[in-house]
Amino acid sequence: MERKIKLHDKSFRLFIPNDEIESAIDKVAARMNADFSGKEQPPILVCVLNGSILYTAELMKRLDFDAELLSIRLSSYEGTNSTGFVREVMGLSRSIEGKEVIILEDIVDTGATIETLVSMLMEKGAASVKVSTLLLKKEVYKRDIPIDYVAIEIPTRFIVGFGLDYNELGRNLKDIYVLDE
Ligand code: 5GP
Ligand code: MG
């Protein structure tokens, strides 16, 4: 496990090692298993591409109830800053009408993305929408939408790894790194 890395023009240092990430995901999965086991209709997991790919994969392996999987792609970030404006880049491939939906996000920062996404999914007829995120920037997030399942709370720093990128690099890192300023 390398403690310092470089992506493009920026340096990052180790912040959350993989074993901590995995045990945080264990805990979220246990809560979801308690909440969703024994439901008649399988919920739909919505993976928010690309950042949530690793979170979705690790979480899904730990779920012991039936669940469907759909993916959606939104974009709000350029470089290391949120533009505050959320675009849909790739939509859902199937109807979610009448279904219970669980959004799987990599990170909730200002909440612009999650707010847009929750209202989009409600408009598409979801019966309910729950939100899970691997990482929550707690000091920044001030919106009303409850983040039902948070794996790890982090301070207001720019991080990469475990699915999260800096200009498309760093997604494959198994640990999480923070921008070294
Ligand atoms: P929000 O809309 O909540 O401000 O931002 C959500 C999206 O911005 C996340 O899904 C993620 O793609 C990106 N994002 C926010 N904070 C970070 C960060 O610290 N690192 C990276 N790599 N992406 C981030
Ligand atoms: Mg995301």
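One-based numbering, in listed order, for ligands and for the atoms of each.
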Please identify which atoms of ligand 1 are closer than 4.0 Å to at least one heavy atom of [X].
X    : result
D165 : 21 (C), 22 (N)
I159 : 18 (C), 19 (O), 20 (N), 21 (C), 22 (N)
R157 : 19 (O)

- request: Taking only Lys NZ, Arg NE, NH1 and NH2, and the carboxylate oxygens of Asp or Glu, determine whether E22 and R62 approach each other closer than 4.0 Å.
  value: yes

query: Is the shortest side-chain N to carboxylate O distance from E100 to K130 below 4.0 Å?
result: no

query: Any non-hydrogen atom of G51 lying under 4.0 Å from ligand 1?
result: no

message: Taking only non-hydrogen atoms of F158, do any sit less than 4.0 angstrom from ligand 1?
response: yes

- prompt: For the Mg ion (ligand 2), what is the closest N, O or S atom on D106?
  reply: OD1

query: Taking just the N, O or S atoms of E105, which one is nearest to the Mg ion (ligand 2)?
result: OE1

- prompt: Are the side chains of Y149 and D35 in touch, meaning some heavy atoms are under 4.5 Å apart?
  reply: yes

field: Per atom 19 (O) of ligand 1, closest listed option by heavy atom (K137, R171, R143)
entry: K137

query: For the side chain of S52 and the backbone of D106, is there at least one donor-acceptor N/O pair under 3.5 Å apart?
result: yes

query: Just wondering, are more than 12 heavy atoms of other shown residues or ligands nearer than 6.0 Å to CG in D180?
result: yes

query: Could an N or O of ligand 1 be found under 3.5 Å from any N or O of Y166, whether backbone or side chain?
result: no

message: For the 3.5 Å polar cut-off, considering only N or O atoms, please tell me whether V160 and ligand 1 meet it.
response: no

- prompt: Heavy atom under 4.0 Å from ligand 1: found in V140's side chain, backbone, both, or neither?
  reply: neither

message: Residue-level breakdown please: for E105 versus ligand 1, do any non-hydrogen atoms fall below 4.0 Å on the side chain, on the backbone, on both, or on neither?
response: side chain

Aromatic ring pairing Y166/H8, orientation class (parallel under 30°, perpendicular over 60°, tilted between): perpendicular

- prompt: Any chance the rings of F65 and F36 have centres within less than 6.0 Å?
  reply: yes

- prompt: Just checking, is any N or O donor in the side chain of T133 or Y55 under 3.5 Å from an acceptor N or O on the other one?
  reply: no

